[in-house]
Amino acid sequence: MLNVAKFGGTSVADHQAMLRCAHIIKSQPETRVVVVSASAGVTNHLVTLAQTQLSSSEQANIIASIGDIQFNISKHLAAAEAELNQQIDQILVSLTALAEQQSILQTAKTGDAILACGEKMSSILFAEVLRSIDVNGFAFDVRQVMRTNSLFGKAVVDLEALAANCDEKLTPLLNDQVIVTQGFIGEDGMGNTTTLGRGGSDYSAALLAEAINASGLAIWTDVVGIFTTDPRIASSARAIPEISFGEAAEMATFGAKILHPATLIPAMRSDIPVFVGSSREPEAGGTQIRQQVDSNPTYRSIALRREQTLVTVKSPAMLHASGFLAQVFAILAKHELSVDLITTSEISVALTFDNPPGSTQALINKAVVEELEQLCEVTVEHGLSLIAIVGNDLNATSGLGSNIFNNIEGVNIRMICHGASANNLCFLVNENEANQVVETLHDKLFV
Ligand code: ADP
Ligand code: ASP
Ligand code: MG
């Protein structure tokens, strides 16, 4: 039996947090692969270096802050401190060169090389924390196995190459060591470092679990499992003991930050049960995600995804005509825009776009709008949030609409999508009303 464990940023934020995680690993001899995120705050610093025009001194300040986070961990590891500091220094020196280069050229390729530095440092440190409590930890560069294409920032993993590479390079190491490796990062066929998208370490861990035929995956984070909604929004949210793959996947897709949206794809495909728990309170239990669960309630949870953009296209020519939608989608496909939700009326279509936070305004740009305007009237609205009610048999439940919408009278609902999935009903509201809507609905449906 072989398990994979993933520790998120807050779980590896400092030495004390890492030590807690190391004890979890020590107590579970079957966990042989550990995937770590960057220490909390580091990736955000790296994003600033990669995406903002900064002066040399601003860059130096950010790199010094990153160094502080990492050296504050190594100073507790006396046996290896000098060597660790040398390795961290080396990464920081290369980061300085990359940041300088990025301030001139601003390429996505250098951006990914910058973003990858956080996981490189946390994995080296965590392997040493394991050794400090007599667990044979070994830092393994995931780029040896995680082959991707060259879509920097949202690279796509080559599953066949990953499986073959793991058979050859990773599995043989698992007999007498605990491998500590990086989430979030990969390498393309030309040896360039790539990243899988923000929060991607969950997905890396699931892919590795699949590639080494693991029997289980544990995602250790800062909350004791998946809750009925984000506990930061509704204080009455409570942990869900077990949930089906389908429901958890809907939650992740619709914005529950607890899991990267793609995490459950490999788990479902290879039927690997996933546990979600808190590395602060491992004894508090958590959520089991699996194929079959005992209870399938109508309402399971509420997810919220912010920064949604709604594009409405309107054309009288659409009335009884065919081919209009195909033309709209051809333009969107040409600009590589992925449409999220759709509703239509006789002469208009409303579309939402799910893109990385902060990027939608840039993606639905002037060029896209101008091209669409050749076909139809176009309205673009920002500042919206998508709320998803996740559960079971939602498309066959009477009274669903009144249960939900009667409780939020007075809220302007910009779009509703219901019917295509038995597992969700979702709608758009103004950003500034979103938290209140989630809280109100959570109290009505779950408390
Ligand atoms: P990590 O750094 O461990 O990957 P994240 O910050 O990415 O952790 O995800 C954990 C956070 O997800 C929680 O602190 C919580 O605020 C948020 N979250 C959003 N929706 C949910 C939910 N339904 N259940 C639990 N946590 C949620
Ligand atoms: N460190 C990356 C991020 O903050 C990946 C992850 O933590 O999952 O997005
Ligand atoms: Mg996360």
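Every number for a ligand or one of its atoms is a count from 1 in the order of the listing.
Assignment of S201 to the shell around ligand 1 is not supported, since no heavy atom sits closer than 4.0 Å. Within the 4.0 Å heavy-atom shell around ligand 2 one does not find G8. The closest approach between a heavy atom of H260 and any atom of ligand 2 is not below 4.0 Å. H260 does not count as a contact of ligand 1, since none of its heavy atoms falls under 4.0 Å from the ligand. Residue-ligand proximity: P231 is placed with a non-hydrogen atom under 4.0 Å from ligand 1. For the pair G9 and ligand 2, no heavy-atom separation below 4.0 Å is found.
Heavy atoms of V223 found under 4.0 angstrom from ligand 1 belong exclusively to the side chain. Only the backbone of T229 comes within 4.0 Å of ligand 1, judged by heavy-atom distances. Proximity of K6 to ligand 1, defined as any heavy-atom pair under 4.0 Å, is confined to the side chain (atoms from C-beta onward).
The environment of K444 atom NZ is sparse: at most 12 non-hydrogen atoms of other residues, nucleotides or ligands sit within 6.0 angstrom.
Residue T228 has no nitrogen or oxygen atom sitting less than 3.5 Å from a nitrogen or oxygen atom of ligand 1, judged on distance alone.
The closest donor-acceptor contact from the side chain of Q177 to the backbone of L174 lies at 3.5 Å or more, if one exists at all. The backbone N or O of S37 lies less than 3.5 Å from a partner atom in the side chain of S122, making a donor-acceptor pair.
For atom 4 (O) of ligand 2, the closest heavy atom belonging to the protein is R198 NH2, 3.0 Å. The protein atom (non-hydrogen) at minimum distance from atom 7 (O) of ligand 2 is S37 OG, 3.0 Å.
The distance between the ring centers of F184 and Y203 does not fall below 6.0 angstrom.
Ion pairing between a basic and an acidic side chain is recognised when a charged N comes within 4.0 Å of a carboxylate O; R143 and D188 show no such pairing.
Remark: ligand 1 atoms within the under-4.0 Å shell around heavy atoms of K257 are 5 (P), 6 (O), 7 (O), 9 (O), 12 (O), 19 (C), 20 (N).
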